[in-house]
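Here is the structure we will look at.
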Amino acid sequence: AFKLAQTDLKRAENIYANTRQLLQFLETSPDLASLGEFSNLDLGQNRSALISAYAEMITAAAVYEREYSLYEKKIGSEAEFIEADSNKNISEAAFASVRDDLSFSNLRTLDLMRRNQKVAEVTLLASERRLHALNLSEQEISQVANESDDELAKYVINSPINGTIV
């Protein structure tokens, strides 16, 4: 359980750091093609949510700019311009929501994994102390992980006097 908790914590730390890096990069308003440099980073499900919301926002902004230009030239209708403006605002709000939710949930997941790792560490230490209380040496304790269930079920009792236990 301790090694699993360590592995989970390490992955959560990687996802947290990589997601923060992507969020900082997105603040610079890059084009969609430049997001490819994040394809090899472990982002978990965050990649899909962030990039989808960002792509929708960029597309809606481009449509808005086109509709605004057409409206200014009296080529496009006011209704199309208003719809493009609305879609742009909706996509910006959706991206901000995804960004904020991921920032919070990533930090929460990282804290949870840190707590799980600490609980596993304390559990391991408590188990070692219980084994020490049963008079097992450090060498015997380190061998416990390699023993079969049958070997673990045996308990040797040492007596200061000779005799038979009935």
Side-chain angles (χ1 to χ4, degrees), residues 1-132 138 141-142 144-146 149 152:
F2 180 67
K3 289 188 181 198
L4 180 61
Q6 285 181 316
T7 302
D8 288 346
L9 175 59
K10 185 175 181 180
R11 182 159 191 261
E13 288 171 338
N14 284 337
I15 289 173
Y16 177 77
N18 293 340
T19 301
R20 282 185 50 95
Q21 185 180 354
L22 178 58
L23 286 169
Q24 289 172 348
F25 184 69
L26 292 176
E27 287 178 9
T28 66
S29 301
D31 61 359
L32 292 175
S34 63
L35 296 177
E37 65 189 70
F38 290 90
S39 63
N40 62 344
L41 295 180
D42 186 7
L43 294 162
Q45 296 176 347
N46 299 341
R47 177 190 329 274
S48 174
L50 270 174
I51 293 179
S52 295
Y54 184 76
E56 288 177 25
M57 184 180 75
I58 294 298
T59 302
V63 170
Y64 169 81
E65 291 298 324
R66 191 191 80 208
E67 289 298 329
Y68 177 75
S69 175
L70 293 174
Y71 178 69
E72 286 289 307
K73 295 176 185 176
K74 307 289 185 208
I75 299 172
S77 72
E78 183 179 7
E80 290 173 333
F81 169 68
I82 291 172
E83 183 179 350
D85 183 45
S86 175
N87 288 339
K88 179 177 88 74
N89 291 335
I90 290 169
S91 66
E92 287 172 350
F95 175 71
S97 175
V98 167
R99 181 192 64 217
D100 294 346
D101 284 348
L102 286 178
S103 292
F104 175 77
S105 66
N106 272 350
L107 186 56
R108 187 166 176 358
T109 299
L110 182 59
D111 286 343
L112 179 64
M113 291 301 122
R114 285 179 178 152
R115 189 176 316 122
N116 288 348
Q117 192 269 340
K118 193 65 173 173
V119 167
E121 182 180 355
V122 168
T123 302
L124 177 63
L125 290 173
S127 297
E128 287 177 357
R129 285 185 178 155
R130 282 193 295 275
L131 292 173
H132 279 296
E138 286 293 329
I141 291 172
S142 65
V144 167
N146 300 327
D149 288 343
L152 287 174

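Just so you know, these numbers come straight off a predicted model, no measurement behind them.
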Straight-line distance of L9 CG to N14 CG, nearest 0.5 Å: 9.5 Å

What is the minimum heavy-atom distance between S52 and S48, and which atoms define it? OG-O, 2.7 Å

Using the side-chain hydrogen bond (donor to acceptor under 3.5 Å, both in side chains) criterion, which residues pair with N87? Sequence neighbours excluded. none

I'd like to know if the side chain of S127 and the backbone of T123 have a donor-acceptor N/O pair within less than 3.5 Å. yes

Supply the atom-to-atom distance E27 CD to Q24 CD, rounded to the nearest 0.5 angstrom. 6.5 Å

Going through the distances and angles, do S69 and R66 end up as a side-chain hydrogen bond (donor to acceptor under 3.5 Å, both in side chains)? CA-CA 5 Å; S69 175; R66 191 191 80 208; over 6 Å; no

Would you call R114 and K118 a side-chain contact if the rule is heavy atoms closer than 4.5 Å? no

Taking atom CZ of F25 and atom CG of L35, what is their separation to the nearest 0.5 Å? 6.0 Å

Does Y16 offer a backbone N or O that forms a donor-acceptor pair with the side chain of T19 under 3.5 Å? no

Classify the angle between the aromatic ring planes of Y71 and F81 as parallel (below 30°), tilted (30 to 60°) or perpendicular (above 60°). parallel

Checking L43, L41, N46, T109 against I15 for side-chain contact (heavy atoms from CB on, under 4.5 Å), the one that qualifies is N46

Find the distance between CE (M113) and CZ (R11) and round it off to the nearest 0.5 Å. 10.0 Å

Note, L112 side chain near R115 side chain (heavy atom, < 4.5 Å): yes

Quick check for you: to the nearest 0.5 Å, what is the distance between R47 atom CZ and D42 atom CG? 7.5 Å

Hey, can you pull the donor-acceptor pairs under 3.5 Å for the side chains in residues 95-104, sequence neighbours left out?
residue	atom	partner	partner atom	Å
S103	OG	R99	O	3.0

Q117 vs E121, side-chain contact (heavy atoms from CB on, under 4.5 Å): CA-CA, chis, key distance, verdict: CA-CA 6 Å; Q117 192 269 340; E121 182 180 355; 3.9 Å; yes

Which heavy atom of M57 sits nearest to which heavy atom of S91, and what is that distance? CA-OG, 3.4 Å

With respect to Y64, which candidate in T59, D85, N89 satisfies the side-chain contact (heavy atoms from CB on, under 4.5 Å) definition? D85

In terms of heavy-atom contacts, L110 and A12 come closest through CD1-C, 3.9 Å

pair Y54-L32: side-chain heavy atoms closer than 4.5 Å: yes

With rounding to the nearest 0.5 Å, note down the distance linking CD in Q21 to CG in L26. 11.0 Å

